[in-house]
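Working notes, structure below.
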Protein chains: 2
Amino acid sequence: MSRSGEQTALSLLEEASLRRTKPRLLVLQSLLAASQPVTQEQIAEQLGDKTPNKVTIYRTLEALCEAGLVHKAFLQDRTWHFELAHNCSEHQCHPHFTCTACGQTTCLMDMQVPAVKSSHNGYTIQRQRMQLEGLCPQCGQR
Amino acid sequence: MSRSGEQTALSLLEEASLRRTKPRLLVLQSLLAASQPVTQEQIAEQLGDKTPNKVTIYRTLEALCEAGLVHKAFLQDRTWHFELAHNCSEHQCHPHFTCTACGQTTCLMDMQVPAVKSSHNGYTIQRQRMQLEGLCPQCGQR
DNA sequence: TATTATTTGCAACTCAGTTGCATCATGAAG
DNA sequence: CTTCATGATGCAACTGAGTTGCAAATAATA
Ligand SMILES: [Mn+2]
Ligand SMILES: [Mn+2]
Ligand SMILES: [Zn+2]
Ligand SMILES: [Zn+2]
């Protein structure tokens, strides 16, 4: 939750022409500080006693998603995990990997995924996402 | 819900060493008859007055998934859609396409998706799934 | 500062999916 | 064919992430 995080959050809101409200700045800073996708609850927890109302966090995340600043990264146990969109291209996000042994999901930021064609049988394909499943490095060794 | 559907359902249960119960046969037949992934509610609706209890359908789907006969195809509006696994390889399922205009999700059974490498930074990748987003043929024409 | 459109907080709600438990049916053994 | 243990089913009650309505607060603008 650094000074630069605050500045970045401000300019992200500016860029998206969203009003600079306290909850939006806080949620953005929390997302900027996160190293993995986080849930509403994790955001609230991280913000401690200055956290906005639960409903406000949801509505903020929704607004940020709509503006393209944030993505719903993946769903785990009926709970959405959110992340900043700034490492994804318009057409393709990095893949998310879930370990079948420990259940942990990880962003594979540096993995190259081949892009599919932008059209198929009349379907116009604008974005592609990939989920991977297998064993993480910890669970992989026998 | 043909005779052959009944036979297929029976052999699928056999193959998976699952007990041949009425609910399992019904759910499997419903899935065999479906042309798209379906929800618990759609299965119940399709089976009409001989439908098993809602909880049983969920538990049946869970058992069939665990046995590898069925997949959770995609989630829409916090609701899982299920499909038979028999058109998927061990490593890769066909992609699912969601139209951002009408919200409909479709299986692209005939679409080729390049396979990723089976290992990356210590992660062992056993299965890959892809979700596509864009405009369906209907919504695509202006 | 005054005005207005947005945003926020709170309480109550929704509903797909889950859980506990008593009853029932399947498949194996005799 | 009958017995029996294991596993499956049905029902009622529950869970909890996410949603809705609305009054109060606040940001942008003049
Ligand atoms: Mn990610
Ligand atoms: Mn499918
Ligand atoms: Zn693991
Ligand atoms: Zn469409």
Side-chain angles (χ1 to χ4, degrees), chain A residues 6 9-30 37-67 69-82 103 105, chain B residues 6 9-30 37-67 69-82 103 105:
Chain A
E6 194 177 330
L10 276 166
S11 41
L12 284 172
L13 287 182
E14 172 92 2
E15 182 191 320
S17 352
L18 290 171
R19 287 194 179 185
R20 306 169 189 195
T21 68
K22 208 179 295 181
R24 287 180 182 164
L25 287 170
L26 287 169
V27 169
L28 271 177
Q29 286 176 78
S30 178
V38 287
T39 65
Q40 173 268 243
E41 201 170 4
Q42 291 174 309
I43 292 171
E45 200 174 318
Q46 204 245 313
L47 292 176
D49 48 9
K50 58 178 179 294
T51 189
N53 181 274
K54 174 183 97 162
V55 180
T56 302
I57 299 181
Y58 278 121
R59 291 201 272 229
T60 298
L61 288 167
E62 188 183 19
L64 296 173
C65 282
E66 208 153 324
L69 296 180
V70 167
H71 288 166
K72 284 185 176 179
F74 57 85
L75 186 100
Q76 202 139 61
D77 300 322
R78 305 186 64 61
T79 311
W80 278 109
H81 292 238
F82 298 85
T105 297
Chain B
E6 195 177 331
L10 276 166
S11 40
L12 283 172
L13 285 183
E14 173 90 3
E15 182 191 320
S17 354
L18 290 171
R19 287 195 181 183
R20 307 170 188 196
T21 67
K22 209 180 293 180
R24 288 179 181 166
L25 287 170
L26 287 169
V27 168
L28 271 177
Q29 286 175 80
S30 179
V38 287
T39 64
Q40 172 276 143
E41 200 171 6
Q42 290 174 311
I43 292 170
E45 199 174 318
Q46 204 244 314
L47 292 176
D49 49 7
K50 58 177 176 300
T51 189
N53 180 275
K54 174 184 96 161
V55 179
T56 303
I57 299 181
Y58 278 121
R59 291 200 272 229
T60 298
L61 289 167
E62 190 183 16
L64 296 174
C65 282
E66 210 153 322
L69 296 180
V70 166
H71 287 166
K72 285 185 175 180
F74 58 84
L75 185 100
Q76 201 139 62
D77 300 323
R78 305 186 63 60
T79 312
W80 278 109
H81 292 239
F82 298 85
T105 296

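The basis for the numbers below is simple: all heavy atoms, side chains too, and nothing from hydrogens, waters or symmetry mates. Everything quoted here is computed from the prediction, not taken from an experiment.
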> Nearest to the side chain of B:R19 - D:dC11, D:dC22, C:dG27?
Replying inline: C:dG27
> To the nearest angstrom, how far is A:E14 atom CD from D:dA28 atom C1'?
Replying inline: 12 Å
>> Distance check needed: C:dG17 C1' versus B:F82 CZ, whole Å only.
In response: 10 Å
> How close or far is atom C1' of D:dG18 from atom CG of B:L75, stated in whole angstroms?
Replying inline: 12 Å
> In whole angstroms, how far is the C1' atom of D:dT9 from the NZ atom of B:K50?
Replying inline: 18 Å
> Where the side chain of B:P23 is defined as all heavy atoms beyond and including C-beta, which of C:dT26, D:dT9, D:dA28 is the nearest nucleotide?
Replying inline: D:dT9
>> Quick check on side-chain contact (heavy atoms from CB on, under 4.5 Å): which of B:T56, B:V70, B:L61 does B:V27 satisfy it with?
In response: B:L61
> Which whole-number value in Å describes the distance from B:Q42 CD to C:dG17 P?
Replying inline: 11 Å
> Below 4.5 Å, heavy atoms only, C-beta onward: do A:H71 and A:F82 meet side chain to side chain?
Replying inline: no
> Pick the nucleotide of DNA chain C nearest each of B:E62 and B:K22; which residue has the one closer to the 5' end?
Replying inline: B:E62
> Taking atom C1' of C:dT6 as reference, at what distance in whole Å does atom CD of A:E66 sit?
Replying inline: 14 Å
> Rounded to the Å, how far apart are A:L64 CG and C:dT8 C1'?
Replying inline: 15 Å
> Taking the side chain of A:E41 as heavy atoms from C-beta outward, which of D:dA17, D:dT9, D:dC11 is closest to it?
Replying inline: D:dA17
> Hey, does the side chain of B:T21 come within less than 4.0 Å of D:dT9's phosphate (OP1/OP2), counting only N and O?
Replying inline: yes
>> Nearest heavy atom decides the nucleotide; on that basis, is A:Y58 or B:R59 closer to the 5' end of DNA chain D?
In response: B:R59
>> Judged by each residue's nearest nucleotide on DNA chain C, which is more toward the 5′ side, B:R20 or B:K54?
In response: B:K54
>> Between B:R78 and B:T60, which residue's closest nucleotide on DNA chain D lies nearer the 5′ terminus?
In response: B:T60
> Which nucleotide sits closest to the side chain of B:W80: D:dC11, C:dG17, C:dC10?
Replying inline: C:dG17
>> When you measure from the side-chain N and O atoms of B:T79 to the phosphate of C:dG17, is any distance below 4.0 Å, counting only OP1 and OP2?
In response: no
>> Looking at A:T56, I'd like to know whether one of its side-chain N or O atoms comes within less than 4.0 Å of OP1 or OP2 on C:dG9.
In response: yes
> Could you state the CG-C1' distance from B:L61 to D:dA8, rounded to the nearest angstrom?
Replying inline: 15 Å
> Under the side-chain contact (heavy atoms from CB on, under 4.5 Å) criterion, do B:T39 and B:Q76 qualify, and how do the steps go?
Replying inline: CA-CA 10 Å; B:T39 64; B:Q76 201 139 62; over 6 Å; no
> Closer than 4.0 Å, any side-chain N/O of A:N53 to the OP1 or OP2 of C:dC10?
Replying inline: yes
> Shortest non-hydrogen contact from A:L13 to A:R24?
Replying inline: CD1-CB, 3.9 Å
> A:N53 versus A:P23: any side-chain heavy-atom pair under 4.5 Å?
Replying inline: no
